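Atoms considered below: every heavy atom in the structure, side chains included; atoms not considered: hydrogens, waters and symmetry mates. Just so it is clear, the model here is predicted, and its values are computed rather than measured.
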Protein chains: 2
Amino acid sequence: MSEPTLRDVARACGCSVATVSRVLAGTRPVGAETTRRVRRAAEELGYRPNQVARALRSRSTGTVGLVLPQITNPFYPTLVRELTHALHADARAVLLADCDDDPAIEASRIESLLARQVDALLVVPVDAERSAEAVAAAAARVPLVLLDRSCGPGVADSVAVDNTAGMALVLDHLAAAGRRRFCFIGAAGTTSSAAERRAAYEATATAHDPLAAERIELGDFSVEWGREAVGRLWAGPEGTTAGDRPDAVVCGNDLIAVGALQQLRQLGIGIPRQAAVTGFDDIPMASVAEPAVTTVRQPVSELAAEAARLLDRRLTGADPATAPQRTLRLAPELVVRASTSPDPNSPPSTQKAAVQ
Amino acid sequence: MSEPTLRDVARACGCSVATVSRVLAGTRPVGAETTRRVRRAAEELGYRPNQVARALRSRSTGTVGLVLPQITNPFYPTLVRELTHALHADARAVLLADCDDDPAIEASRIESLLARQVDALLVVPVDAERSAEAVAAAAARVPLVLLDRSCGPGVADSVAVDNTAGMALVLDHLAAAGRRRFCFIGAAGTTSSAAERRAAYEATATAHDPLAAERIELGDFSVEWGREAVGRLWAGPEGTTAGDRPDAVVCGNDLIAVGALQQLRQLGIGIPRQAAVTGFDDIPMASVAEPAVTTVRQPVSELAAEAARLLDRRLTGADPATAPQRTLRLAPELVVRASTSPDPNSPPSTQKAAVQ
DNA sequence: GAGTCTTCGGAGAACGATTTCCCGTCGTGG
DNA sequence: CCACGACGGGAAATCGTTCTCCGAAGACTC
C-alpha cells in the first residue's frame with residue numbers, strides 16, 4: 001500500500017537494513033551477489049529513499065532558501081531561473097519566499113526557512129539597514145549569500161553587479177554623445193543598489209555637469225515613479241527655458257526609465273533628440289519599449305553561478321565557518337539602444353565594463 | 001552551542017520531553033505551573049522546533065511543490081507571488097521548480113519533489129500530452145492541482161482561466177469596432193492554453209469572417225515569433241492588395257502581440273488605424289508597449305486563491321482521495337487599450353466576461 | 001599453525017519530534 | 001472506607017534513514 005521503506009526492501013531480499021542502505025548509498029563496498037539482490041528488490045518494490053528521514057539523520061536537507069524582495073520585479077525571474085538550475089544541478093531544492101518589499105515579512109520568512117532546516121540561504125535583502133538584523137542572525141546559523149544587493153559590511157558573502165562601474169558606463173556613453181545636462185531618477189531608501197547607483201551618479205555626473213547633483217529625484221523602482229518624476233523635473237522652476245532642461249535622464253532601473261519615457265513622450269519631448277533616457281538591469285521590457293531603452297545589463301548567469309559556487313564552498317568546502325567572507329563585484333555591460341542613440345537603424349551595440 | 005532540542009528544554013525545566021511537546025504543541029492540557037515553567041525554559045533557550053523531525057514523525061512536511069514551465073514567462077511571477085503568499089498564510093512553504101519548457105526536466109523535477117515528501121503539488125504542465133504521464137503518476141501519490149493549463153481529462157483538480165470566453169471577449173470587441181479581416185498568431189503544440197485559444201479563435205472568428213480560419217500562424221509564445229509571424233502574414237500571396245490585409249491581429253499571448261506590434265510598425269502599418277492588435281494575459285509589458293496592447297486579463301489572484309483552496313480541501317478536508325475531481329474555469333476580463341481603440345486619449349476600459 | 005588483517009554483514013543506537021500507553025494522585029459518590 | 005473517574009505527567013515506541021560498533025570467516029604473514 002504505502003511507500004516501501006528500507007525495511008521492506010531488506011525483508012524482501014533477506015538482509016539487513018544496514019546492508020540495503022550501504023548498497024543504495026554506496027557508502028561502503030558490499031559483496032557482488034548481495035548487491036545484486038538488493039538492487040533487484042529495491043527495483044521491484046519501487047523503493048525511493050525518504051529524504052525527510054535522510055535529512056533528519058544526516059542533518060542536511062539538501063535544500064536552500066531563496067528570499068526575494070518582490071518576485072514581480074521583472075529583474076528577478078531570470079535570476080530565479082538561473083539559480084534554481086544551478087542548484088538543481090547540485091541536487092539541491094529551492095524553497096522560495098517573497099517578501100513584498102517588507103523587512104518584517106522578510107524576517108519572518110527567513111525564520112520560517114531556518115525552522116525548515118534549510119542548509120543555506122540566498123537572500124536579496126529588501127533594505128540595507130532594516131534587513132541587516134535578520135540577515136545577520138540568519139548568517140550566524142547557516143551559510144548565507146547576499147545576492148544583487150548587499151546589507152552592511154561584513155555580514156555575509158555577497159555577489160552583486162558593480163553598480164558604480166555600470167553607472168560610469170552610462171554616463172560616459174551619454175557624455176560621449178554630447179549630453180551635458182544630466183538628471184537622475186532613482187529610488188529613495190537605503191537599498192544598496194539604489195544607494196550605490198545614486199552615489200555613482202552624483203560622483204561621476206558632476207564631473208561632466210556641475211549641476212548634475214541638483215537634478216535628482218528619488219522615489220521607488222517603479223514605472224509610476226518614472227512618470228511622476230519626469231513631471232516634477234519638467235515642471236521645474238518658473239521661467240525655465242527649454243535650453244535649461246536636462247538632455248539626459250539617467251534612471252535607477254529600467255522600470256523607472258520606461259515610465260520616464262512614457263511621460264516625456266506625452267510632454268512631446270523627442271527621444272533621443274531632445275532628451276536621452278537610460279535604465280539599468282536590462283529587463284525584457286527595456287527592449288520592447290518605444291524607443292528601446294539604453295541600459296546596463298547585469299550578468300545574471302554569472303551572478304547565479306557565483307552565488308551557487310560560494311554556497312557550495314561553504315557547504316562542502318574545507319572550512320565552512322572560518323573561511324573569510326567574500327564580496328564579489330561583477331562587471332556589467334552597456335547595451336546601447338534607440339533611447340540614446342541618434343540613429344535608430346544602427347544595430348544595438350554593447351560595451352563591456354573593464355574587469356576590475 | 002548547537003540548536004536546542006526538546007530534550008534540552010525538558011532538562012532545563014525539569015520535566016519530560018512529552019510534557020514539553022504537549023505544552024508547545026498544545027495537543028493536551030497541561031498544568032498551569034508546569035506550562036509556565038516550560039514556556040520560560042523554551043523562551044530562554046531560544047528553542048525552535050525542528051520541522052524535519054516533526055515532518056518525519058507526523059508524515060507531513062507542510063511543503064508544497066510548485067512546478068512551472070518557465071518562470072521567465074512574464075505571466076508567472078505574479079502567479080508565483082500570489083501562490084506563495086496564499087500558501088504561507090496556511091503555514092506552508094513552497095519548493096520551486098522550473099522546467100525550461102521541457103517535459104523531461106519536468107518529470108525529473110516532479111520526481112525530486114516527491115522524494116522530498118512534499119504534501120502536495122501545484123503544476124503548470126509544460127504540454128498537455130507529453131506531461132500527462134508524469135503528472136498522472138504524481139497525482140496518484142499526492143494531492144495535485146493543475147494550474148493555468150490542464151493536461152488531459154480527469155487527471156487531477158484543475159484551475160484555469162476560461163480561454164474560450166477570453167477569446168470571445170476579444171473577437172466581439174474587435175467586431176464591434178468594425179474589424180472584419182481577422183488573423184491569429186498563436187503557439188503550436190498541445191499546451192492546453194495554446195490549443196484552447198486557437199480553437200476558440202477558429203470557432204468564434206469564423207462567424208465574423210469566413211476566411212479567419214485560413215489566416216493562422218503557429219509558433220511559440222515569444223516576442224520573436226510575433227515579429228516573424230507578422231512578416232509571414234504580410235508577405236502574403238503575391239499581388240495582394242492592401243484591402244486584403246488583415247485589419248485585426250489576434251495573438252495567443254501578450255509576448256506575441258508585442259512582437260507583432262514591433263513588426264507592424266516597422267512595416268509602416270498604422271496601429272490601430274490599419275490594423276488592431278490584441279494579446280492575452282495582461283503582463284506588465286502589455287501596458288508599456290507603444291501603443292499599449294488590448295488584452296485579456298487573467299484573474300491571477302483568484303486563480304491562486306482557488307488553487308490554494310483546492311489544495312487545502314485535499315490536505316485537511318474530509319475525504320482527501322475520494323472527493324470527485326474539480327475543474328474550475330475563471331472568467332477573464334477584457335482590457336481595452338490603444339492598440340485597438342481609435343481614441344488613444346480615452347482611458348482604458350475593462351469589461352468582465354459573463355460568469356458562467 | 002597461530003596470530004593478524006581484511007572483508008562482509010548484522011544489531012542497534014542515534015536524529016528530534018509526536019503520541020500511545022501507563023501510573024500515580026486527587027476528588028467524589030456510594 | 002473503598003472504588004472509580006479525571007487529570008497531570010513520564011517512559012518508551014515510532015517515523016525511515018545513516019552510521020558506529022561488533023562478530024564471523026577467510027586470507028595472509030612469520
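Between the CG atom of A/Asn50 and the C1' atom of D/dT18 there is a distance of 13 Å, rounded to whole Å. Atom CZ in B/Arg36 sits roughly 14 Å away from atom P in D/dG8 (whole-Å rounding). Rounded to whole angstrom, the span from the CZ atom of A/Arg37 across to the P atom of C/dG9 amounts to 8 Å. One interatomic measurement links the two molecules: CZ of A/Arg7 to C1' of D/dT14, which rounds to 10 Å at whole-angstrom precision. Distance B/Leu114 CG to D/dG16 P: 16 Å, rounded to the nearest Å. As a whole-Å value, the separation of B/Asp8 CG from C/dG16 P is 9 Å. Atom CG in B/Leu6 sits about 13 Å away from atom P in C/dC15, given to the nearest Å. Put simply, CD on A/Gln51 is 10 Å from C1' on D/dT17, counting in whole angstrom units.
If you check every strand for non-hydrogen atoms under 4.0 Å, B/Ser58 touches nothing. Using a 4.0 Å heavy-atom distance criterion, B/Arg59 is classed as a sugar-phosphate-only contact.
Taking the side chain of A/Thr19 as heavy atoms from C-beta on, and the options C/dT19, C/dG10, C/dA17, the nearest nucleotide is C/dG10. Here D/dT20 is the nucleotide among C/dT19, D/dT20, D/dT17 with the atom lying nearest to any side-chain atom of A/Arg22. In the set C/dC21, D/dC21, C/dA17, C/dC21 carries the atom at the smallest distance from any side-chain atom of B/Arg28. In this structure, the nucleotide among C/dA17, D/dA11, C/dG9 sitting nearest to the side chain of B/Ala18 is D/dA11. Closest approach to the B/Leu56 side chain among C/dA17, D/dC15, D/dG10 is made by D/dC15 (side chain taken as heavy atoms from C-beta onward). When the nucleotides C/dG10, C/dT20, C/dG16 are ranked by their closest atom to the side chain of A/Cys15, C/dG10 comes out on top.
Annotation: side chain of B/Leu24 is not in contact with side chain of B/Pro49 (no heavy-atom distance under 4.5 Å).
You'll find a donor-acceptor pair under 3.5 Å spanning the side chain of A/Arg57 and the base of D/dT18, going by distance alone.
In the displayed structure, B/Glu133 atom CD is contacted under 6.0 Å by at most 12 heavy atoms of other residues, nucleotides or ligands.
With A/Val123 as reference, A/Val135 is the one residue of A/Val145, A/Leu66, A/Val135, A/Leu147 to meet the side chain to side chain contact (heavy atoms under 4.5 Å, CB included) rule. Between B/Val17 and the choices B/Thr5, B/Leu6, B/Val9, the side chain to side chain contact (heavy atoms under 4.5 Å, CB included) rule is met once, by B/Leu6. A side chain to side chain contact (heavy atoms under 4.5 Å, CB included) with A/Val64 is found for one member of A/Leu311, A/Leu95, A/Val118 and no other, namely A/Leu311.
B/Thr5 has no side-chain polar atom (N or O) that falls below the 4.0 Å cut-off from OP1 or OP2 of C/dG16. Using a 4.0 Å cut-off, no side-chain N or O of A/Thr27 falls inside it from OP1 or OP2 of D/dC19. Distances shorter than 4.0 Å separate some side-chain N or O of B/Ser21 from OP1 or OP2 on C/dT18.
For the helix from C/dG1-D/dC30 to C/dG30-D/dC1, the rotation axes defined at the first and last 5 base pairs enclose an angle of 60°, given to the nearest 10°.
Within the model, atoms CD of B/Glu302 and CG of B/Leu328 stand 11.5 Å from one another, a figure rounded to the nearest 0.5 Å.
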Worked check of salt bridge (Lys or Arg N to Asp or Glu O under 4.0 Å) between A/Arg314 and A/Asp119: CA-CA 10 Å; A/Arg314 297 284 181 191; A/Asp119 289 346; over 6 Å; no
Stepwise salt bridge (Lys or Arg N to Asp or Glu O under 4.0 Å) test for B/Glu106 and B/Arg109: CA-CA 5 Å; B/Glu106 180 180 55; B/Arg109 295 287 190 267; over 6 Å; no
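Each of A/Ala32 and A/Val17 was assigned the nucleotide of DNA chain C with the nearest heavy atom; the assignment lying further toward the 5' end belongs to A/Ala32.
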